[in-house]
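Have a look at the structure below, then the notes.
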Amino acid sequence: MNQHRSFDTIVVGAGHAGIEAAAAAARMGMKTLLLTHNLETVGEMSCNPAFGGIGKGHLLREIDAMGGVCPQAIDRAGIQFRTLNSSKGPAVRATRAQTDRHLYKEVMRKTLASYPNLTLFQQPCTKLLFDGNTLCGVDTAANIEFYAPTVIICAGTFLNGLIHIGLNHYQGGRAGDPASIGLAENLKDLGLKVGRLKTGTPARIVASSIDYSKMQSQAPESPLPCFSYLDDESVLPTQVTCHITRTNELTHEIIRSGLDRSPLYSGVIKSTGPRYCPSIEDKIVRYPHRTSHQIFIEPEGLTSPLVYPNGISTSLPYDIQEKFIHSIEGLENAIIARPGYAIEYDFYDPRELSVSMQSKKIKGLFLAGQINGTTGYEEAAAQGLLAGINAALYVKGQDPWFPSRNTAYMGVMMDDLCTLGTREPYRMFTSRAEYRLMLREDNADLRLTPKAHDLGLISDERWRRFENKANEIEKEKARLRATLIKPSSKEGKALSANLLKTPLSKEQSLEEILRRPEVTLKPMLECCELEAIAKDPQALEQVEIQVRYQGYLSHEEEEIKKREQNEKTMLPLDFDYRSISALSNEVAQKLNEFKPETLGMASRISGVTPAAISILLVHLKKLGRLGKN
């Protein structure tokens, strides 16, 4: 066996899942090969040039907390950062970054080129290799064989990819790149359960042909957030203004006139697309009462001549695309540089995976990204990280690791997929998590960095910075608990006069005072002429959140303990849930259909609410089965 072609882990595909998988395995000391169709498209953003958002931003913070490479690359390529839901509670606040797609690829290629233990090679993978029944490597289009006990497939939309523009279609993994046919057929032959999904993208428009004066502008935010806990505003590139326009009734009329030639509505496309990011023709059909839909005009980069019109993804014929784009205010003279299209591709039933990302059918084979039925860069990157970690643990002969639902959104996602599977592209939302207050963007490092340190995923310097931050948080919280303020004291008078809606009437600790809705940490310390112990702004933010939401956090922690106690409680398989009158018909029907073995499995069936689980708990208690395993 050629030693130069022997590795511990082989990763197939250099999109967001493949990058994080290869980087994680390499950080854990694995000799890793990253195979790609084209070295120039490593880190390509196939669709919108943006990262983050509700749920997705949370995943990126978790990736960063475990030493992943994607968040820091975004910080160095993001050209407009925003905090979504900034007026709401910390659990649902989320970071989003419009990103320069060319700069992002440049940063990512430089990062990977200098990564220890990692080799990049340009060749399409065509099949898996076996020694008897044992996975031992991969073969490529040029019949160059590479050997490893673990293979991670991160093929994105390339497996049997089929691009649709109107009634015309052709093979492709995305615009300008070939589909992966050989590997798709090989995986199918190996007995993996395959399905088809669809996604799409809008036309690209030449920026100089747009009349921005007719559009609403969206200026950069201040102060600017970052995705990495290690970064601040100093690493960010130039920030730009984005714009918003809308479709109109003429736009909708034009779209309806082309539906008979739409692959989506003429029966050519039979697979399911993303529910939460529908094509413009899907929006028009689904919501006929709507007279307009919002379109975000997003630059593709600081030097790119193109913009991405977010909101008008389409697979309509090109002549219809031209007409409806030119009917939109500000786009009357738009020059189209590339048509929008839909793409159908193979995915594999994620219920055939363990939550460690390893195939239950083929030991040593891991799948990550859209191949598992997800949509989005962030979901893919998070899966890649988990796959890379567990491939390394497999090679080391150690037990797999995966986060629980109450530890990380990554855990929520994989438990959803492996328990329930999916019939449509899966997208992460904060609403999918039972314990949103615990799983915030701001505390992902406190949740996950200690485990990343145990696994060997982060540097000594990162660990030192984390420990300093954690120590500052605890010292500041202890000081707030110990510092008592009397109403008659200088500090008490200052607080009552400048911050408090209701003056102090009795002695209180600074911790108690900080829980008042009108009080924030920094002004409170300034009123008391105290210098913050926590110098790190992130540490100060944590102190404020942990103190202000302590009651809610304690309640959620108790709920987690109760849920863990009942997670393995067995449910009778022959029970008719329609006999529990307090359950809704929908919930009873789903429980009868799935017949979950445990209460934990029941809680993860789509549509089975926490209230329904509480009803089941009461019923089990009546039956004397509560706590039985």
Side-chain angles (χ1 to χ4, degrees), residues 9-28 30 32-38 41-47 51-52 56 59-60 62-64 66-71 73-74 104-105 108-109 111-112 115 118 120 124-125 138 150-159 161 173-174 177 180 183-184 187 192 197 199 274 343 345-348 350 353 355-359 365-392 402 408-410 413-414 416-418 422 425-428 457:
T9 297
I10 296 170
V11 180
V12 178
H16 309 291
I19 285 171
E20 291 296 348
R27 288 200 303 282
M28 291 176 68
M30 298 296 100
T32 305
L33 174 68
L34 180 55
L35 276 179
T36 177
H37 277 248
N38 187 348
T41 58
V42 171
E44 183 74 71
M45 286 182 273
S46 301
C47 194
F51 284 90
K56 292 171 175 284
L59 287 173
L60 287 171
E62 292 176 357
I63 292 165
D64 180 70
M66 302 197 78
V69 294
C70 180
I74 300 167
Y104 178 83
K105 286 197 299 182
M108 192 57 79
R109 284 201 298 268
T111 300
L112 297 180
Y115 230 72
L118 179 58
L120 277 74
C125 174
V138 301
T150 59
V151 176
I152 307 172
I153 299 180
C154 308
T157 60
F158 280 65
L159 295 176
R174 63 178 165 230
D177 289 303
S180 182
L183 181 59
L187 293 175
L192 300 184
L197 291 176
T199 189
I343 182 168
Y345 56 94
D346 287 354
F347 85 104
Y348 292 87
L353 293 179
V355 284
S356 69
M357 315 298 299
Q358 184 173 194
S359 169
L365 176 63
F366 297 76
L367 308 181
Q370 285 177 283
I371 193 173
N372 293 331
T374 58
T375 180
Y377 310 146
E378 304 83 358
E379 291 88 348
Q383 290 175 72
L385 175 74
L386 291 174
I389 291 169
N390 284 296
F402 46 88
Y409 274 95
M410 292 187 290
M413 174 176 62
M414 288 316 302
D416 282 350
L417 291 169
C418 296
T422 187
Y426 177 99
R427 179 175 179 175
M428 177 50 66
L457 283 163

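On a predicted model such as this, the values are computed, not experimentally measured, just so you know.
Between L33 and L35 the shortest side-chain heavy-atom distance falls below 4.5 Å. You'll find the side chain of C70 stays beyond 4.5 Å of the side chain of I19, heavy atoms only. Contact check for V42 versus K105: no side-chain heavy atoms found under the 4.5 Å cut-off. Using a 4.5 Å cut-off on side-chain heavy atoms (C-beta onward), F158 and P124 make no contact. Taking the side chain as every heavy atom from C-beta outward, M30 and T150 never approach each other to under 4.5 Å. M414 has its side chain out of reach of F402: every pair of non-hydrogen atoms, C-beta onward, lies at least 4.5 Å apart. Contact check for N372 versus M357: side-chain heavy atoms found under the 4.5 Å cut-off. C154 is not listed as a side-chain neighbour of Q383, based on a closest heavy-atom distance of 4.5 Å or more.
With values rounded to the nearest 0.5 angstrom, L385 atom CG is found 9.5 Å from N390 atom CG. In this structure, I74 CD1 and D64 CG are separated by 9.5 Å, a value rounded to the nearest 0.5 Å. Rounded to the nearest 0.5 Å, atoms OH (Y104) and OH (Y377) are 9.5 Å apart. Summarising the geometry, atom SG belonging to C125 is positioned 6.0 Å from atom CD1 belonging to I153; distances are rounded to the nearest 0.5 Å. Here the OG1-CG distance, from T157 to D346, works out to 11.0 Å after rounding to the nearest 0.5 Å. For the atom pair OG1 of T374 and CZ of R427, the computed distance is 12.0 Å after rounding to the nearest 0.5 Å.
Closest approach of H37 and S180 over heavy atoms only: NE2-CB, 4.3 Å. When all heavy atoms are compared, the tightest approach of M413 to A382 is CE-CB, 3.8 Å. Contact detail for L197 and P425: the closest heavy-atom pair is CD2-CD, 3.9 Å. The nearest pair of heavy atoms linking L386 to M410 is CD1-CB, 4.1 Å. When all heavy atoms of P71 and E20 are compared, the closest pair comes out as CD-OE2, 4.2 Å. Heavy atoms only, all atoms of each residue included: I371 and A368 are closest at CG2-O, 3.5 Å.
Partners of T111 under the side-chain hydrogen bond (donor to acceptor under 3.5 Å, both in side chains) rule, at least two apart in sequence or in another chain, do not exist in this structure. Looking at residues two or more places apart in sequence or on another chain, you find no side-chain hydrogen bond (donor to acceptor under 3.5 Å, both in side chains) involving Y348.
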(request) Might you work through the side chain to side chain contact (heavy atoms under 4.5 Å, CB included) test for H16 and E378, ending with a clear yes or no? (result) CA-CA 8 Å; H16 309 291; E378 304 83 358; over 6 Å; no
(request) Start with the C-alpha gap between L417 and L353, add the side-chain angles, then the distance that decides, and say whether side chain to side chain contact (heavy atoms under 4.5 Å, CB included) holds. (result) CA-CA 9 Å; L417 291 169; L353 293 179; over 6 Å; no
(request) List the steps, then state whether side chain to side chain contact (heavy atoms under 4.5 Å, CB included) holds for C47 with T199. (result) CA-CA 10 Å; C47 194; T199 189; 5.8 Å; no
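Neither side chain, T32 nor T9, offers a donor N or O lying under 3.5 Å from an acceptor on the other.
With hydrogens and angles disregarded, a donor-acceptor distance shorter than 3.5 Å links the side chain of E379 to the backbone of M428.
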